[in-house]
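Right, I'll just put the structure down here and ask away after.
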Protein chains: 2
Amino acid sequence: MKLTTRGRYAVTAMLDLALHGKDGPISLADISSRQDISLSYLEQLFAKLRRGELVSSVRGPGGGYRLSRSEEAINVADIIDAVNESTDATNCGGKGICQNGEMCLTHHLWDDLSTQIHLFLSGISLAQLTRKEHVQSICERQDGHESAANNPQNLIETETVNA
Amino acid sequence: MKLTTRGRYAVTAMLDLALHGKDGPISLADISSRQDISLSYLEQLFAKLRRGELVSSVRGPGGGYRLSRSEEAINVADIIDAVNESTDATNCGGKGICQNGEMCLTHHLWDDLSTQIHLFLSGISLAQLTRKEHVQSICERQDGHESAANNPQNLIETETVNA
DNA sequence: TATTTACTTGACTAAAAGAGTGGGTTATTT
DNA sequence: AAATAACCCACTCTTTTAGTCAAGTAAATA
Ligand code: FES
Ligand code: FES
């Protein structure tokens, strides 16, 4: 499998949407400033998320994106699949053909691993994430900074790291 | 996390070693022909595996590699760690600093995922893999081909692909 | 209807990582 | 000494990522 910044950004952005989108659509510019993700990059990601029918868009002033289903009905695996095109850990794409068209020694292992990862990620919904207390506290911190994102006063995270 | 051909090759090669290394060291040339992995590439991988103390080497004619511990004492996570340097799924290397030195919204999620993957992979030993019946049957097939690896008669994999 | 706001699309690029190659050196056996 | 196999190093080629840019489209408001 490949889990890269793309998938991580996508989940982060979707979670931001779940947290802030209670009343009305959220613009990508807002997400960009809160989550420190390049606006143009977000546009790319949301194009895929929209194709995957995870979000819907509202154009015009005051527009933005909203979740196209309830928070409960969107899980992390959905999001990663939408932007990444697979959480597959095999080399052969699950077909069992990576050694001259025949199955390699370790195919089943990677296949099992893929299943595990998918089970884990598909068992976590956006709703569950929003309920976690550490998510809520980080969310509050980000709402505080908002456009004061460049403020250096909050860079004292040493105790958090050494926990 | 990153799971690439490198990690997959390493596990495959180690499994080959476990399957064939009962009496005496196995040369990389043997593994190369059985598993269709470039010899030079195997050398790179085994340099790392040796540094990770998973295999020990015997030089000279009749030499090769053997497992440096019992099959039971080597698990898949060990192997991947040795060649890959981490099964970490976070962006921040587990430090919680990927948003301007502060923790991003989804840090805990990736951290949990890393733990899951590591638990799964470290629960599977080489010994367990060698006992699986599909591994044994693939192993026999490969022993059959052996140096007849270039034989074109086995390239008829169309039906397998279109399954 | 003109303007604003914001989403849409696609091409493009720099940098990194991955996969694989090649040449030469050292140790060991026969 | 000759053959064998590990060891080491540096290098290339390709793919993927992450991110940018610019031109365009649609909707809402004044
Ligand atoms: S990973 Fe599926 S055949 Fe090798
Ligand atoms: S992944 Fe650890 S802080 Fe973002």
TODO: Would you give a per-nucleotide map of nucleotides 18-30 of chain D, 5' to 3', where B means the base has a protein non-hydrogen atom under 4.0 Å away, S means only the sugar-phosphate does, and - means neither?
DONE: BBBB---BSBS--

- [ ] Go through the structure and list residues passing side chain to side chain contact (heavy atoms under 4.5 Å, CB included) with A:Ile124, not counting sequence neighbours.
- [x]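 A:Ile124: side chain to side chain contact (heavy atoms under 4.5 Å, CB included) contacts with A:Val76, A:Phe120, A:Leu129, B:Leu109.
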
Task: Pairing residues for B:His108 by the ring-ring contact (aromatic ring centres under 6.0 Å, His included) criterion, not counting sequence neighbours - done: A:His134

Task: Rounded distance in Å - CG (B:Leu42) to P (D:dA5) - done: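 Going from CG in B:Leu42 over to P in D:dA5 covers 14 Å.
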
Task: Any B:Arg50 side-chain nitrogen or oxygen under 4.0 Å from OP1 or OP2 of D:dA6 - done: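 Looking at the OP1 and OP2 atoms of D:dA6, neither is under 4.0 Å from any side-chain N or O of B:Arg50.
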
Task: Contact check, side chains of A:Ile37 and A:Ser32, non-hydrogen atoms, under 4.5 Å - done: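 Not touching, per the 4.5 Å side-chain cut-off.
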
Open item on the list: Once side-chain hydrogen bond (donor to acceptor under 3.5 Å, both in side chains) is applied, do any residues pair with A:Gln44, and if so which ones, sequence neighbours excluded?
Closed with: none

Task: Those residues that, when tested against B:Asp88, pass side-chain hydrogen bond (donor to acceptor under 3.5 Å, both in side chains) (two or more places apart) - done: B:Thr90, B:Ser114

Open item on the list: Rounded to whole Å, how long is the line connecting atom CD1 of A:Ile31 with atom P of C:dA6?
Closed with: 13 Å

Task: Interatomic distance, A:Arg66 CZ vs C:dA6 P [rounded to whole Å] - done: 15 Å

Task: With A:Arg51 via salt bridge (charged side-chain N to carboxylate O under 4.0 Å, His left out) - residues at least two apart - done: none

- [ ] Could you pull out all residues at least two apart from B:Arg131 that satisfy salt bridge (charged side-chain N to carboxylate O under 4.0 Å, His left out)?
- [x] none

Task: Main-chain N/O of B:Met103 paired with A:Arg141 side-chain donor or acceptor, under 3.5 Å - done: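 Present.
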
Task: Those residues that, when tested against B:Tyr41, pass ring-ring contact (aromatic ring centres under 6.0 Å, His included) (two or more places apart) - done: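 Listed in chain order: B:Tyr9.
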
What pairs of nitrogen or oxygen atoms, one from the protein and one from nucleotides 14-17 of chain C, lie under 3.5 Å apart?
none

TODO: In whole angstrom, give the distance that lies between atom CG of B:Leu49 and atom P of D:dC7.
DONE: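 Interatomic distance, CG of B:Leu49 to P of D:dC7: 11 Å.
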
- [ ] Please determine if a side-chain N or O atom of A:Ser57 lies less than 4.0 Å away from the OP1 or OP2 oxygen of C:dT8.
- [x]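 So the side-chain polar atoms of A:Ser57 do come within 4.0 Å of the phosphate oxygens OP1 or OP2 of C:dT8, strictly under.
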
Open item on the list: What is the separation between atom CG on A:Asn91 and atom C1' on C:dG18, rounded to the nearest whole Å?
Closed with: 12 Å

Open item on the list: How many whole angstroms separate atom OH of B:Tyr65 from atom C1' of D:dT4?
Closed with: 14 Å

Task: Atom pair distance, as rounded to whole Å: NZ in B:Lys48 and C1' in C:dG18 - done: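 Result: 11 Å.
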
